[in-house]
There are 2 protein chains.
Amino acid sequence: MPPRGLEGGYAADVTLLDMLTAAVGGQHVLTDPGMRASYEIDWTRRFEGRALAVVRPGSTEEVAGVLLACAEAGARVVPQGGNTGLVGGGVPRRGEVVVSLTRLADVGPVDGAAGEVTVGAGVTLGVLQAQARRAGYAFGVDLGARDSATIGGMIATNAGGINALRYGPMRAQLVGTEAVLADGSTIARLPGLPKDNTGYHLPSLLAGSEGTLAVITRARVRLVPLLAHRAVALLGLQSTDAAASAMASLRRDLPALHAAELFYEGGLSLVLRHTGLERPFRAEHPAYLLVEVADSTNPTDALVAALAEIDAPDAVVASDPNGRHRLWQLRERHTEAINAEGIPHKLDVAVPVARLAEFERRVRSVVSDAAEDARTILYGHIADGNMHVNVLGLAPDDETVDEAVLRLAIELEGSIAAEHGIGVAKARWLEADRGAADVAAMRAIKRALDPDGILNPGVIFPDDRPALTG
Amino acid sequence: MPPRGLEGGYAADVTLLDMLTAAVGGQHVLTDPGMRASYEIDWTRRFEGRALAVVRPGSTEEVAGVLLACAEAGARVVPQGGNTGLVGGGVPRRGEVVVSLTRLADVGPVDGAAGEVTVGAGVTLGVLQAQARRAGYAFGVDLGARDSATIGGMIATNAGGINALRYGPMRAQLVGTEAVLADGSTIARLPGLPKDNTGYHLPSLLAGSEGTLAVITRARVRLVPLLAHRAVALLGLQSTDAAASAMASLRRDLPALHAAELFYEGGLSLVLRHTGLERPFRAEHPAYLLVEVADSTNPTDALVAALAEIDAPDAVVASDPNGRHRLWQLRERHTEAINAEGIPHKLDVAVPVARLAEFERRVRSVVSDAAEDARTILYGHIADGNMHVNVLGLAPDDETVDEAVLRLAIELEGSIAAEHGIGVAKARWLEADRGAADVAAMRAIKRALDPDGILNPGVIFPDDRPALTG
């Protein structure tokens, strides 16, 4: 989306700025273009817009004050966390008020009895993980952007990552949330009640709502055991089907299965070329399955026993930290290797595991058909049917390939947004994927909680405001 | 709630009955009082009412036809599963149409690659568990009513049970749902996508909505490993606090922790008296903690090692099936022992684990203050702070003690409905527990999806229809 000018009228609206200043203090209402700049563009540099102002509330009450002011002025709001999203869900588009939550950085003490902790929306994943570790616990979600991504943003996008097969995504970690609605009222349930059937579960609804229903201000999350013993295996396999079948066998046999990652010879060659890492096996294989088990006692024997059930042409197991790190690098450095070749189009989709092989086969030809010289690098979280499709050699704004890949995912009964959300990037494909009845139900919920459409317009649902001229 | 007569007008409404007959066939529209009877009373015999008719649709399309007919006629609907609820959420109250889902009993094949299965809403938990086992999997939720409780009802009430500390409640098992809205439209997402961030997660919203938002017709659920090796320990302890602290230590140390149950000397004495079971330790202890670990390899050594960290006056470990069964009986036969003493008031509440000890101490005096001769028997799922309060010696319709116990849970920042839901039984305490802003948000969602209030009126939210006369 190209940068756009402000909508007429906003810039002159001194009353709103006065109200925002009254709510959060003048030093936290950023109107200077230079001060606003980093909030107006995402880190992919693909999404950029203009904000009327960036406000940085320091408490839930200040968030409520900001939303009340915006509601009174009829100003639209874009909530923003660590600004690490990939689908443009957190950047301003048309002169909205950006509400940055990073000052809500309170970290509560770990409740050791319950295995829970309450944190502000602006706390980064890394800080939460460190707090959990100090109390002998871990947090169930991990991802690469841990030092920037905030808990509020991760809830809003229902972040997943590599351990979702064991612990579920952010939604599954929520014991409670506090959030401010578009009318400035605060909904909250934070004491920490993992079993609580008192009506609709608002935390689960907010998870994945991408800032369109409320501004999340705090969350209480469950913690999981800190597992000291790990083992990693890499399997060289004939096909996606062989990898899916191996994964299923391991998942049935190993309750300690912690990650299951899929990649291919094309991606591995690229990684080896750019990183200087060594090829893991003498032979090349079409597909690779990387699995990790984590337990409170040494899980290596159990992993080796489970691997004995699998007919893999090549396999290696590592229990020591260096060996595990070497194997993980082959998967983790895909991003870096791809970026070294050019700026990829990155499409995060999922299909039912049973159709992954068909997806893998067809997506390569779908891309070639749409763009002859494009190169497709795939990797993903196989247990979730979650494939990250990276396409090199495309013009940045040409969505022909994106369209073709998303349509293929839809055809295979898949999801156009497995873990990164819809944002603005995929809004125009939402109804094709979900169907009219589901989208109508979602829109009804949106109208119920945000009748004036103040929160994050254009995100999830296509923007129905009149097109801007010029 | 005493039986009530039909609302005027309904009985004469031949047009609606014609439409219902057209939708499901005459043999599945039960209007004869004798045929209706078992659908009009719950198994506690505390909740009873009259239905205009009981309809038994045999497919999702028939459910849609029934709801469309009811919407056109302005008739209210009470969805009913296995009728094993405890809060009156599934029985008719004022001449509604009962929609019994038990004929939706399709059991799909287990998808071994994904570890998932799709079942009809009327499939019982026991049938689902057997289907999973045949494919080498298990289902993550278990409870006593497994041969009657249906998956649809368990989703509607977000059933929890003893393994929720490991796998979460029903909401956490849902990979997708199919449901019919009040206007007869069908929302569905069933292909099985554990990672799917395409807008609001409707399955999570339906879980725990107690039939007030939609009629659930099918569900796709995740399966978990079938764990062949188990060990059980019983600890005799000084206090609730000691039990909570032991549980927390075990939870940190044992990722294979599968259940953690709390009971007290009063309940144990009753169990021993009524069942002839033997006292587990020579000495009596104020509190008992029963824990189970389950793994793919023998977890006994890990359990014993973890117990060594705990300062318990008495402890016993059993790995063999008979020994485990003997220990479990001490907990599981509480219900039967209590029922042998009289008809209890049963209150299902939760408080933060850190406040369980305070709750346990105060609830006994709160009950005595409200009813001098009452006896209080407590047990519960300690890791969830979930306490089942059983009070003997009360008149069936006297809610003085119920009121006192629920108010205490609220005072301690707890939940008045941990795992059985609000139903009609607790609707009048909902706002005291959740607060006005939360309830307003829930009511907005209810209005958005069921604007005419057709689905399960009086459940979750207090009935705002005019009182019946006579």
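Chain A is the first sequence line, chain B the second, and so forth, proteins listed ahead of strands; every chain is numbered from 1.
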Chain B heavy atoms under 4.5 Å from [X]: which part of the residue, side chain, backbone, both or neither?
X: Val351(A); value: backbone
X: Lys446(A); value: both
X: Leu430(A); value: side chain
X: Leu449(A); value: side chain
X: Arg171(A); value: side chain
X: Pro169(A); value: neither

Heavy-atom proximity to chain A below 4.5 Å, by part of [X]:
X: Ile445(B); result: both
X: Ala305(B); result: neither
X: Ala138(B); result: neither
X: Glu210(B); result: side chain
X: Ser249(B); result: neither
X: Leu227(B); result: side chain
X: Met247(B); result: side chain
X: Ala383(B); result: backbone
X: Ser209(B); result: both

In terms of heavy-atom pairs under 4.5 Å with chain A, which of [options] leads?
options: Asp301(B), Leu213(B), Leu223(B); answer: Leu213(B)
options: Arg443(B), Arg447(B), His381(B), His420(B); answer: His381(B)
options: Ala350(B), Pro352(B), Ser245(B), Gly385(B); answer: Pro352(B)
options: Ala427(B), Ala248(B), Ser415(B); answer: Ser415(B)
options: Ala135(B), Ala294(B), Gly414(B); answer: Gly414(B)
options: Ala436(B), Ala172(B), Ala418(B), Gly160(B); answer: Ala418(B)

Strictly distance-based, threshold 3.5 Å: is any side-chain N or O of Arg251(B) a donor or acceptor partner for the main-chain N or O of Val224(A)?
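It does not hold such a pair.
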Donor-acceptor pair, Ser185(B) side chain versus Ala437(A) backbone, under 3.5 Å?
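Judged by distance alone, no pair lies under 3.5 Å.
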Among Leu254(B), Asp295(B), Thr297(B), which residue meets the side chain to side chain contact (heavy atoms under 4.5 Å, CB included) test with Asp295(A)?
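Single side chain to side chain contact (heavy atoms under 4.5 Å, CB included) partner of Asp295(A) among Leu254(B), Asp295(B), Thr297(B): Asp295(B).
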Enter the distance from [X]:[atom1] to [Y]:[atom2] here, rounded to the nearest 0.5 Å.
X: His201(B); Y: Asn158(A); atom1: NE2; atom2: CG; value: 8.0 Å
X: Asp438(B); Y: Arg189(A); atom1: CG; atom2: CZ; value: 7.5 Å
X: Leu190(B); Y: Glu413(A); atom1: CG; atom2: CD; value: 9.0 Å
X: Ile422(B); Y: Asn197(A); atom1: CD1; atom2: CG; value: 8.5 Å
X: Thr198(A); Y: Glu431(B); atom1: OG1; atom2: CD; value: 12.5 Å
X: Met387(A); Y: Lys195(B); atom1: CE; atom2: NZ; value: 12.5 Å

Let's test your reading of the structure: which of [options] forms the most heavy-atom pairs below 4.5 Å with chain B?
options: Leu412(A), Val353(A), Leu205(A), Val459(A); answer: Val353(A)
options: Ala164(A), Ala188(A), Gly115(A); answer: Ala188(A)
options: Ser204(A), Ala306(A), Pro255(A), Gly168(A); answer: Pro255(A)

Aromatic ring proximity Tyr200(A)/Phe461(B), centre distance under 6.0 Å
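That pair passes the under 6.0 Å test.
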Walk me through it: do Leu193(B) and Asn386(A) pass the test side-chain contact (heavy atoms from CB on, under 4.5 Å)?
CA-CA 9 Å; Leu193(B) 302 165; Asn386(A) 180 190; over 6 Å; no
Please report the shortest heavy-atom distance between [X] and [Y], naming the atom on each side.
X: Leu202(A); Y: Ala441(B); value: CD1-CB, 4.3 Å
X: Ala448(A); Y: Ala448(B); value: CB-CB, 3.6 Å
X: Gly136(B); Y: Arg252(A); value: O-CD, 3.5 Å

